[in-house]
Visitor: 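Following this message is one structure expressed as structure tokens.
In what follows, chains are A, B, ... by sequence order, proteins preceding strands, each numbered from 1.
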Amino acid sequence: MRRENGGRIDRSRTLRFRFDGQEYTGHPGDTLASALLAGGVRQIATSVKLGRPRGVFSAGSEEPNAVVQIEEPFPEPMLPATTVELYDGLVARSLAGQGRLATEPDPARYDAVHAHCDVLVVGAGPAGLAAARAAAGAGARVILADEQPEPGGALLGSPDEVDGVPGAEWAAATAAHLEGLPDVRVLRRTTVFGYYDDNYLVAVERRTNHLGAAAPAHVARERVWRIRARQVVLATGAHERPIAFAGNDLPGVMLAGAARTYVHRYGVLPGRRAVVFTANDSAYAAALDLAEAGVEVAAIVDVRTAPGERWAARARERGIELLAGHVVTAARGDGQLSSVLVGATGDGGRSIDADLLLVSGGWNPVVHLFSQSGGTLRYDEALGTLVPGASRQAVQPAGAAGGVFTLPGCLADGAAAGARAAGPHAGPHAAEAPRAAEPEATNAPAYWLVPANDYSAHFVDLQRDVTVADIHRATGAGLRSVEHVKRYTTAGTAHDQGKTSGLLTSAVVAHALGTSVAELGTTTFRAPYLPVSFAALAGRDRGALHDPVRVTALHEWHVAHGALFENVGQWKRPWYYPRPGEDMETAVLRECRAARESVAAMDASTLGKIDVIGPDAGEFLDRLYTNLMSSLKVGSVRYGVMCRPDGMVLDDGTVIRLADDHFLVTTTTGNAAMVLDWMEEWLQTEWPSLRVHCTSVTEQWATVALVGPRSREVLAGLAPGLAVSAADFPFMTWREADVAGIPARVCRISFSGELAFEINVTSWDGLRLWTAIMDTGLVTPYGTETMHVLRAEKGYPIVGQDTDGTVTPHDLGMSWVVSKKKPDFIGKRSFTRADTSRADRKQLVGLLPEDPGFLLPEGTHLVSTATLPEPPVPMLGHVTSSYRSAALGRTFALALVKGGQGRVGERLYAPVAGTLVPVTVTSHVLYDPEGARRDG
Amino acid sequence: MTPRPPGAHLPEHPDRLWSAAEPKAAYDVVIVGGGGHGLATAYYLAKNHGITNVAVVERGWLAGGNMARNTTIIRSNYLWDESAGIYEHALKLWEGLEEELGYPLLFSQRGVLNLAHSLQDVRDSVRRVEANRLNGVDAEWLDAAQVKEVCPIVNVSPDVRYPVLGATFQPRAGIAKHDHVAWGYARAAAALGVEFIENCEVTGLRVSGGRVTGVDTTRGAIAAGRVALCAAGHTSVVAATAGIDLPLQSHPLQALVSELLEPVHPTVVMSNAVHVYVSQAHKGELVMGAGIDAANSYRQRGAFHIIERQMAAALELFPVFARAHVLRTWGGVVDVSPDASPIIGLTPVDGLYINCGWGTGGFKATPGVGWCFAHTVAHDDPHPLAAPFSLDRFVTGALVDEHGAAAVAH
Amino acid sequence: MLLIPCPWCGPREEAEFHYGGQAHVAYPENPAALSDEEWARYLFFRDNPKGVFAERWSHSAGCRRWFNALRDTATNEIHAVYRVGEPRPVTS
Amino acid sequence: MAERRSPAAAHADRFEAASRGEGLRLAELPFLTHVNVRVDPASPAAGDIADVLGAPLPEEPCTAVTAASDITVAWLGPDEWLVVAPEGYQPELLRKALGERHGSVVDVSAQRTTLLVAGPHARDLLAHGCALDLHPSVFGPGRCAQTTLARAQVVLLPRQDGFLVLVRSSFAAYMAEWLLDAATEYVT
């Protein structure tokens, strides 16, 4: 039922939409709820448990009833129709409790922004606008966030004036003034939904929802604002409180203030003949406004025997019957309200025909954010509600959020809060408040529940279908905590999170237990204040931007040459380079053969590299590594292992000595950052007297491993100035040379057992070097899989694959890397603990399946018996690495096996897919155990 | 046709649960902490060992700590023999628990998928599956296509940042309704004579001559022959009053829930690599968890960036969740031990027993812990399944390092 | 998201920092001289108070300096930060 | 022989396209010289290095100074600085200034690359992923910060017209993609 005129809607434009298959129209400025009410739709949803019809109950985000499913332009579950701005082409339907997700991916864009301010004002009602104006006037950087499309808050739903102009006009002018200031940001359609430590607040801005299908694709649909505020003013207003009586869930029963909003803001009459049921003065304004707008107000039913004098007089002047000291005992109707039973107390009474019943049990300040901030709440007996108590952060409530319920009061309170928040900036003029008419309100005691014999239709939580009777059942079952009652009945757990029902629930429980709300308390206010979409919170951290993709300087070449990639931490590493028609096995066997028989190259740039510089660098490394590093000669390279203090392997790599006071440490790809942090931690917190500096140079250098018997020949060709013979350039040394005309550091190290060189050039030159190597036409590129095979054939473990945080260097058969000379190093003390020194620890061994063609799955366990006993089966260990070896002409594996080093030659069994595969334990070094090949 | 209202088929709670008790002067056993573990321990003390003069002392409301805050996932597919032993014992008890307690627990064995996103994840997963099988725990390794069959909404496309390479699947795993479980134990224990004292915070342990004699509480002193700690995140604080240090750190762990949605997600999916775990509860809400906050804290609330990260991970795996809404977030305080495994057993103080360090694994272990811890308390001797989790493993080095298998052992 | 006052860089978001657990736990002078129990205490046992806690942080995404903080673990309020080597401040 | 290649070279065209409007300028400034200097600021060595640079090593945290010849010295830590100099600057000069004394001078020119984010929307763009207060009153020329931008660690150097974003080379492609994506609303 649309009024002839009035409201803040644009009647010059008509919007078409569908609801439950029916076509309707509305105007810009409507919500789905106001347009449906204008279209005469009373039932918007069906209740979740009892299947009862439900209508529009409120005019805001506290709506418990009118929750709808959006179907077009894109499905979105469970939105209160009172918060859905109308747009052309909207298709929605009523819900019965469960929403529906789209089956297609959401095409919309979402993003997030960080913002900082001196004063964040939450809510652009009268208090919030006054606060923002005062703070900005004092020179503060201000953010004003409001969930509505236009500022004004309660002013939009009333005819009240501020500074002599209609409130909505004043609000618009004030917002425009604020927006003109350089350091003020006014955020519309923005709900602050979380208040975290250190005045960190998060808000969601709905930027294009209201445009429907016309929303531009490149604009983020929703934006999360991450706001760090020096001071916060919470001008979040108040929610009107329902009263529990029989049938209070019928469509047509509505909060009084909401009805007033529909009339003023949307130009909609929510009914034709109304009864007003109130426990305070505020509903009188609603009654008078509705009457003024043409609604027949049959009666005001006021639970108080002595309503406010002036309001009562005005109602009588208007010809509205006033039933003081009365209550509504029941709302009746078939599918929607048709009559109201009114009595002096309890059940029964006189029936009044009505299609609209306005209810006001008083007002609850919106204290959610204040509570989230860590502030305490105090039950105010006079107001019958919770109000903010002591704050724990730099926050203050203003206006109705702080229990101030008059317009002049809110304006003054807001202005004062804004000025206080601006702090030292505040000038003398800042606190001057906007002016409005004096209030005419009296305090009213809380009124929650109309007494009755049967409470089975007194709804407390409309959305969860929880009645007073349900609560009585919970207390009857022995429950005494409101949290238990909540869980027993599910009250307060619905989409609205109990915004209108929470305190009512506490009141009913308190009543049932003969205690007070103050005594009993309420459930916790948890973030988010309003439901927030997953997509908004995920923002742009999706797909390729979900986590950084780290690539080397050679990456483009690998892509262009058909490499398949393996994720190693954040890095993309070439896994193998299949030629046309090759599967992985074939490609890897070919790459391995090239490395063993000819020459192959791998991009090893991802290895972590750390410059360790200073006179005490050697001593420092001696403490970190299990072996001795200080004895390393300049020009030489040494392999090392680091352990955690508990003795377990942390990382491994090579250390090269560039100068007396200068080492270059390499780490595994995945541990580069961790090892640098590890070094800094020890240096800074334990050994500050050591004169050492560590600098990451991981990406300063591109590294190419050139591997194979012909690698010397290739290097000699590229580096004519470098003496490459085994005598001139021995194993575990390094040289500086120009390679392919590029200044390079070349190390003779090998992770394959073959003759090999590691060539380092600046990452700018990496692609040049690699291209030059490939241009020789001799060199086969290989990836991580081949690298794994080659090193496994040699028994070299990979930290993280052959170790899992429970493995010592001794377990890996690397006692040789553990110094016996050094008095201490990180981890040493742990080796002698009872469990760490056991002889039957799991140790790294090689395994040869008796069928040389059988590839053991990695992760397979080992048992000692040829048949499986009943579970639990004693397990001896597991396969950590398993490959087909071109060099060995068979499959092989590495495994961690209990007492493995003493089991060489033993036959064990690997349960694989229901059969027991016999394997022989061998040394973990299977290829060239004499090390004959490393000199080429 | 009106669709069947969600949740309408769900059973109601019984009309009678338990009565709040006033503390008596003395009990044979005082259990500190009225969460799931405390309640289950009380029940099995009474049921299995005939010890009924028992008080469960709870600082807030019964089962209002981590029991009320977890994501209700139940599984037993742990890597190490010791873990598999106690979690599988728990799972077997879960399978008969509704009948045992006479309470509808909404225990739903819908299976759990633990996703693998890297080649090392795959190795670790196969290792765990094979170990599970040999330990008598049901487990399968599924490739990406099979993952899609079990849970069609998982995005197994290779285009995502960390593609799904496969998953372990434990069909017998599932979820249960946490409040129902707690109340089921409470009701059954109450029927056997156990008393529940709520709003009663233990402020100190009374020790005399190396033996525990009772507890001091905000409602007065209570004498006790034995005291069993089941205080989860607050264990360190309580134990410290008896001079006992524990290798525990308490951290906030967050979870969240969406609005009610039509069924889309038939199982439980967990991913350590992209850090999210999610199931769809009986009424239709998505229940999700993520990582723990790095810093110690007793605030039952975590940092928001962890939630944002969790949502990004969720949408990587489940693009259809984009327009679902986060309805409510909350946090619990989990006590984490150095090897991410629990600590159960005797203490240097006679008659004082600890059960802590469950980290993120506490809910699923509830029946198993209750069973084994009750045995430990009753016999003053660790139950064999609890024995590997003794405090002295930190001295010998015989850790049960579930970190090795999963950075977060949910 | 805490706002942690790095003693060098000033207040920064928690996500820029790496948590280092309890402060003032020195690496033993001579680990070899410790019993297994004593060594286990160093390895694994850390205070876990509900209240003020002296703990270590590293501004890992900033200046990479380690420092100490006194934070109340019940409220997350940081009472003081101080550099490595400085004594624990006295707070009321 | 192929040319040397800067880490964001592949994004040059898209940076240029994004810079065509009024709102933003994105570009890689390739091959700048970056030198990491570690030295006790109170030591004579620090003074000698400052002499070579023509500017003092700034001791106030999170500040940067600009010396002649377009050299910026940014504070990274209490004993750590990053010298950003034009292409071809010789880190050896600084190493010589340090001499045998305790400290370190490490050429890290290829460790990071330098991205220019300038124009009226530069601050808006970075605010999508940087939690620092980038308001000119707080973070203007003369300041510097090591922080995170999106999910990468960066060194930020504000300029009159925008910012220099120094990002690790392996993250350069990610950073470029992130910036271009963040720029969506500012370039169309």
Side-chain angles (χ1 to χ4, degrees), chain A residues 46 48-49 51 76-78 96-103 105-106 194 196 202 476-481 483-484 487-488 495 497 526-528 531-535 537-538 541-544 546-547 566-567 800-801 804-806 830 833-836 857-861 871-873 875 878, chain B residues 2-3 5-8 13-20 61 64 81 85 118-120 123-127 130-131 134-136 160-162 179 198 259-262 264 284 303-304 307-308 311-312 314-316 319-330 396-399 401 403-404:
Chain A
T46 305
V48 61
K49 194 165 151 195
E76 181 163 9
M78 299 206 101
Q98 282 180 333
R100 182 181 78 84
L101 293 173
T103 50
D106 182 357
Y196 290 84
V202 279
L479 301 179
R480 293 296 174 268
S481 155
E483 289 281 0
H484 279 147
R487 288 155 187 276
Y488 190 96
H495 189 272
Q497 291 290 290
R526 299 190 189 284
V532 183
S533 73
F534 285 21
L537 298 178
D541 282 359
R542 296 174 62 183
H546 178 68
D547 203 33
E566 177 188 3
N567 284 316
Q801 175 170 346
D804 61 2
T806 69
S830 286
R833 293 181 302 169
D835 192 76
T836 322
E858 290 168 344
T860 300
H861 290 261
V873 178
M875 286 170 257
H878 75 284
Chain B
T2 314
H13 290 289
D15 284 324
R16 192 71 212 143
L17 291 172
W18 69 86
S19 300
W61 39 285
D81 301 348
S118 69
L119 297 178
Q120 189 55 41
R123 291 180 197 107
D124 291 339
S125 298
V126 172
R127 177 186 178 192
E130 296 297 331
L134 293 170
N135 273 321
V160 300
R161 177 67 185 87
Y162 295 110
D179 292 329
E198 295 176 83
E259 72 266 77
L260 308 189
L261 297 164
E262 291 177 9
V264 290
F304 190 68
I307 301 272
E308 291 179 297
M311 289 296 104
L315 294 201
E316 281 287 279
V320 301
F321 289 172
R323 292 201 187 182
H325 301 97
V326 177
L327 213 61
R328 183 168 72 252
T329 64
W330 65 90
T396 65
L399 305 188
D401 196 350
H403 280 309

Visitor: Among the options Leu134(B), Val264(B), Val126(B), Ile307(B), pick out the one with the most heavy-atom pairs lying under 4.5 Å from chain A.
Guide: Leu134(B)

Visitor: What I'd like to find out is whether the side chain of Gln98(A) reaches to under 4.5 Å of the side chain of Leu260(B), using heavy atoms alone.
Guide: yes

Visitor: Val326(B) and Pro528(A): which non-hydrogen atoms are nearest, and at how many Å?
Guide: O-CG, 3.2 Å

Visitor: In terms of heavy-atom proximity below 4.5 Å to chain B, should Gln497(A) be classed as side chain, backbone, both, or neither?
Guide: side chain

Visitor: Report which part of Ala527(A) has an atom under 4.5 Å of a heavy atom belonging to chain B: side chain, backbone, both, or neither.
Guide: both

Visitor: Below 4.5 Å, heavy atoms only, C-beta onward: do Pro531(A) and Glu259(B) meet side chain to side chain?
Guide: no

Visitor: Sort His495(A) into side chain, backbone, both or neither according to what part of it lies under 4.5 angstrom from a heavy atom of chain B.
Guide: both

Visitor: In terms of heavy-atom pairs under 4.5 Å with chain B, which of Leu479(A), Thr836(A), Thr103(A) leads?
Guide: Leu479(A)

Visitor: Which region of Glu308(B), side chain (C-beta onward) or backbone (N, CA, C, O), has a non-hydrogen atom less than 4.5 Å from a non-hydrogen atom of chain A, or is it both or neither?
Guide: both

Visitor: Who are the salt bridge (Lys or Arg N to Asp or Glu O under 4.0 Å) partners of Arg123(B), not counting sequence neighbours?
Guide: Glu858(A)

Visitor: Select, from Ala131(B), Ser19(B), Gly64(B), the one with the greatest count of heavy-atom pairs under 4.5 Å involving chain A.
Guide: Ala131(B)

Visitor: Heavy atoms only, distances under 4.5 angstrom: which of Glu198(B), Arg16(B), Glu130(B) has the most pairs with chain A? Name it, please.
Guide: Arg16(B)

Visitor: Just verifying a value: how many Å separate His325(B) NE2 and Phe534(A) CZ, rounded to the nearest 0.5 Å?
Guide: 9.5 Å

Visitor: Within the structure provided, determine whether Thr806(A) and Leu399(B) are in side-chain contact (heavy-atom separation under 4.5 Å).
Guide: no

Visitor: Under a 4.5 Å cut-off applied to non-hydrogen side-chain atoms, are Arg127(B) and Asp804(A) in contact?
Guide: yes

Visitor: A side-chain contact here means heavy atoms from C-beta on lying under 4.5 Å apart; do Met875(A) and Asp81(B) qualify?
Guide: yes

Visitor: Report the option among Asn567(A), Val873(A), Thr860(A), Asp835(A) that has the most heavy-atom pairs separated by less than 4.5 Å from atoms of chain B.
Guide: Asp835(A)

Visitor: Just say parallel, tilted or perpendicular for the rings of Phe304(B) and Tyr196(A), cut-offs at 30° and 60°.
Guide: tilted

Visitor: At a heavy-atom distance under 4.5 Å, which candidate from Ala477(A), Ala535(A), Ser830(A) has the highest pair count against chain B?
Guide: Ala477(A)

Visitor: If you compare all heavy atoms of Arg161(B) against all heavy atoms of Asp547(A), which two are closest, and at what distance to 0.1 Å?
Guide: NE-O, 2.8 Å

Visitor: So how far is it from Arg526(A) CZ to Leu327(B) CG, rounded to the nearest 0.5 Å?
Guide: 12.5 Å

Visitor: What option among Gly136(B), Ala324(B), Ser118(B) has the most heavy-atom pairs under 4.5 Å with chain A?
Guide: Ala324(B)

Visitor: Quick one, Pro319(B) and Asp106(A) - any side-chain contact, counting heavy atoms below 4.5 Å?
Guide: no

Visitor: Could you pull out all residues at least two apart from His13(B) that satisfy ring-ring contact (aromatic ring centres under 6.0 Å, His included)?
Guide: Tyr488(A), Tyr103(B), His180(B), Trp183(B)

Visitor: Name the region of Val160(B), side chain, backbone, both or neither, that has any atom closer than 4.5 Å to a heavy atom of chain A.
Guide: neither

Visitor: With respect to chain B, which residue among Gly800(A), Ser533(A), Ala834(A), Gly478(A) yields the maximal number of heavy-atom pairs within a distance under 4.5 Å?
Guide: Ser533(A)

Visitor: Find the distance between NE2 (His484(A)) and CH2 (Trp61(B)) and round it off to the nearest 0.5 Å.
Guide: 5.5 Å

Visitor: Please state whether the side chain, the backbone, both or neither of Asp179(B) comes within less than 4.5 Å of a heavy atom of chain A.
Guide: side chain

